[in-house]
Amino acid sequence: MLEINILRTDKQRVIEGLTKRNFTPERLKLVDQIVEMDDRRKFVQTNLDQLLARVNANSKEIGSLFKAGDKSQAEVLRQEVTNLKGQIKELENEQNRLIDDIETALIELPNIPHSSVRQGKSADDNEVYKDWSGPMPEFEGFDPLPHWDLAEKYNIIDLKLGVKLTGSGFPVFRGKGAKLERALINFFLDEAEKAGYEEIMPPLMVNEETARATGQLPDKEGQMYHIERDKFYLIPTAEVPVTNILRGEILSAADLPVQLTGYTPCFRREAGSYGSDVKGLNRVHQFDKVEIVQIAHPDQSYKVLSRMLEHVEQLLIKLELPYRILRLCGGDMGFTSALTFDFEVFSAAQRKWLEVSSVSNFETFQSNRLKLRFREEDGKPQLVHTLNGSALALARIVAAILENNQDSEGVKIPRVLQQFTGFERI
RNA sequence: GGAGAGGUGCUCGAGUGGUUGAAGAGGCACGCCUGGAAAGCGUGUAUACCGCAAGGUAUCGAGGGUUCGAAUCCCUCUCUCUCCGCCA
């Protein structure tokens, strides 16, 4: 959620930012409407506080009058308070209504894009920030198979079995497939640890408050699996529980940046897709992911962002996968993000780029709802910047490894993974 | 699932209607003391909102109620803990 103050102090930037996100002039009016409601809210509170102050003063006075035995004077003051109550109730109601309305409206506003973000309608308008310049996988004497065929051929991932156990989009990894998955998780976690991240194993279900604080609720309610009976949500990403660890805290500046990482399965309902995009591991309801999260000083957050980009990039280099980096345009960027870079790997048989990581700076958009702040030496608390990124999303990485490293006999395991898998080929 | 206890500030912990935003202790910070340290002494130690400011308002799990006045009384909800049962 945006800080309401910037609608006043930085209105021009807000308008430009929302325009990058393709807000129509009609919708832009929301900004002024919110400020107006907030003006009214301030006015109401000033009045309300004055009335409450009088009630408090009278009550105190009544106390001492009673002790002094002056009942008649006490009665006069008591009467006055009784008369004020109607007004107080009215103002309180209006204040509560305004607070609700302001929040409801404010939640409609997405984060203001960073100045480097271009306007654009969709993923087609994303800018290729860094293209792949190395060699592409080549195959001599045979046509590379898509990963779903390889999965079946070597009996390492069973999608049909997943359907039997649960439903479509719940792959079953087995044998060397399962071990490859586990190897990747260990590799990613070890790399994160080396980069200074503390490993977290969080709950896989969260309560409503937690889902709200990182912005999954109310915007993306439909994306999450919901346990009706206990009012829990299955996490769509480790970002949710991990970022919430520090919810409500006031850190000292010396604690920053906080670096956290976590492996979790991720559960996504992802309704409404179809076609070849969803085939195999391209889009599933449950997948594994290692997430990195940083809580940073506002002055440092873009430096932190580039370090996170480097981290992810190194993973892909070590895995020997062709990759490219996109800077998302205003139309494709997530609601909560100020700047997002996507990493895509090339999957040789499908001949397309698959998104395997998304690294974002949310600035104060998340911390505002998280109430996550820090304090300089003898300064006032101010909101931190939060950042996160996938490092990396497993399913599609597996797809790319299988497709790119195949030969007619099997699949070669990238060298860095071999110590984790214990085998060199599938 | 059954029975009970309880949620107060950074922590512990008092507090059953009236200068209690909240005793006391601990922790932390600063100062004094010291050759230095410990001990000791002193001072300070929440957050949000409104206000140019002075200052004001709110907050003792959450919400509602009683009252001139509530951390203190009443109702609802919620969470935690203990015991029993079940269980990896």
Side-chain angles (χ1 to χ4, degrees), chain A residues 1-9 34-106 201-213 217 226-233 241 244-256 258 265 364 366-384:
Chain A
M1 190 164 66
L2 282 178
E3 296 170 82
I4 194 162
N5 277 342
I6 71 163
L7 303 193
R8 294 174 190 278
T9 60
I34 290 171
V35 172
E36 276 163 34
M37 284 192 285
D38 198 45
D39 285 341
R40 176 71 192 165
R41 194 203 100 246
K42 289 181 182 195
F43 174 76
V44 168
Q45 185 177 343
T46 305
N47 290 331
L48 177 59
D49 283 357
Q50 277 167 8
L51 295 183
L52 288 172
R54 268 174 69 194
V55 169
N56 287 342
N58 277 12
S59 300
K60 234 176 237 181
E61 186 66 21
I62 288 168
S64 35
L65 285 172
F66 266 121
K67 272 180 197 152
D70 190 347
K71 291 216 167 174
S72 62
Q73 184 57 26
E75 183 56 31
V76 172
L77 293 178
R78 201 184 63 75
Q79 194 53 49
E80 191 190 349
V81 171
T82 307
N83 294 340
L84 290 176
K85 284 196 127 183
Q87 279 182 67
I88 288 176
K89 195 75 209 160
E90 234 171 78
L91 288 174
E92 270 177 355
N93 287 341
E94 181 171 4
Q95 188 185 39
N96 288 335
R97 203 166 52 238
L98 283 164
I99 289 171
D100 273 4
D101 290 350
I102 289 168
E103 172 154 344
T104 304
L106 210 48
M201 280 194 118
L204 305 182
M205 295 186 229
V206 294
N207 58 33
E208 200 175 310
E209 199 183 344
T210 298
R212 193 168 295 281
L217 291 179
H226 186 200
I227 313 287
E228 191 85 38
R229 188 164 174 180
D230 299 290
K231 298 204 179 97
F232 292 153
Y233 292 86
N244 267 279
I245 287 174
L246 292 164
R247 184 175 75 214
E249 300 272 320
I250 301 177
L251 308 169
S252 78
D255 295 333
L256 303 177
V258 178
T364 59
Q366 279 186 332
S367 58
N368 190 26
R369 262 210 243 178
L370 286 163
K371 298 210 172 62
L372 173 48
R373 291 165 293 174
F374 77 102
R375 197 198 319 257
E376 304 273 13
E377 290 293 320
D378 63 57
K380 273 196 177 172
Q382 52 176 312
L383 295 170
V384 298

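In this text the structure is predicted, and so the values were computed from the model without any measurement. The chains referred to below are lettered A, B, ... by the order of the sequence lines, with proteins before strands, and numbering in each begins at 1.
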Checklist line | Neighbour count >12 (heavy atoms, 6.0 Å) for atom CD, A/Glu90 | finding: no
Next item on the list: Report yes if at least one side-chain N or O of A/Arg373 is closer than 4.0 Å to OP1 or OP2 of B/rA48; otherwise report no.
Entry: yes
Margin query: Is there a side-chain contact between A/Asn56 and the phosphate of B/rU57, meaning an N or O under 4.0 Å from OP1 or OP2?
Written below: yes
Margin query: Just verifying a value: how many Å separate A/Asn47 CG and A/Gln87 CD, rounded to the nearest 0.5 Å?
Written below: 9.0 Å
Check: When you measure from the side chain of A/Thr46, which nucleotide among B/rC68, B/rA58, B/rG51 comes out closest?
Finding: B/rG51
Next item on the list: Measure from CZ on A/Phe66 to P on B/rU19 and round the result to the nearest Å.
Entry: 15 Å
Next item on the list: Whole angstrom is fine here: how far is it from NZ in A/Lys231 over to P in B/rC77?
Entry: 12 Å
Notebook entry, point to check: When you check the phosphate oxygens OP1 and OP2 of B/rU47, does a side-chain N or O of A/Arg375 lie under 4.0 Å from one of them?
Noted result: yes
Next item on the list: Taking atom C1' in both B/rU66 and B/rC75, compute the distance separating them and give it to the nearest angstrom.
Entry: 11 Å
Next item on the list: Ignoring backbone atoms, establish whether A/Lys89 has a side-chain N or O less than 4.0 Å from OP1 or OP2 of B/rG64.
Entry: no
Notebook entry, point to check: Quick one: is A/Lys60 getting a side-chain N or O under 4.0 Å of the B/rG18 phosphate, OP1 or OP2?
Noted result: no
Next item on the list: Under 4.0 Å between any heavy atoms, over every strand shown, what does A/Leu77 touch: base, sugar-phosphate, or nothing? Just pick one.
Entry: nothing
Item checked: Per A/Arg78 side chain, nearest of listed nucleotides B/rC68, B/rU57, B/rU47 -> B/rC68
Margin query: Using OP1 and OP2 only, check whether a side-chain N or O of A/Arg41 sits under 4.0 Å from B/rC50.
Written below: yes
Next item on the list: Provide the distance between the two C1' atoms, one in B/rA22 and one in B/rU72, to the nearest whole Å.
Entry: 12 Å
Notebook entry, point to check: Is A/Glu94 salt-bridged to A/Arg97, cutoff N-O under 4.0 Å?
Noted result: no
Check: Does A/Lys380 have a side-chain nitrogen or oxygen under 4.0 Å from the phosphate oxygens OP1 or OP2 of B/rA46?
Finding: no
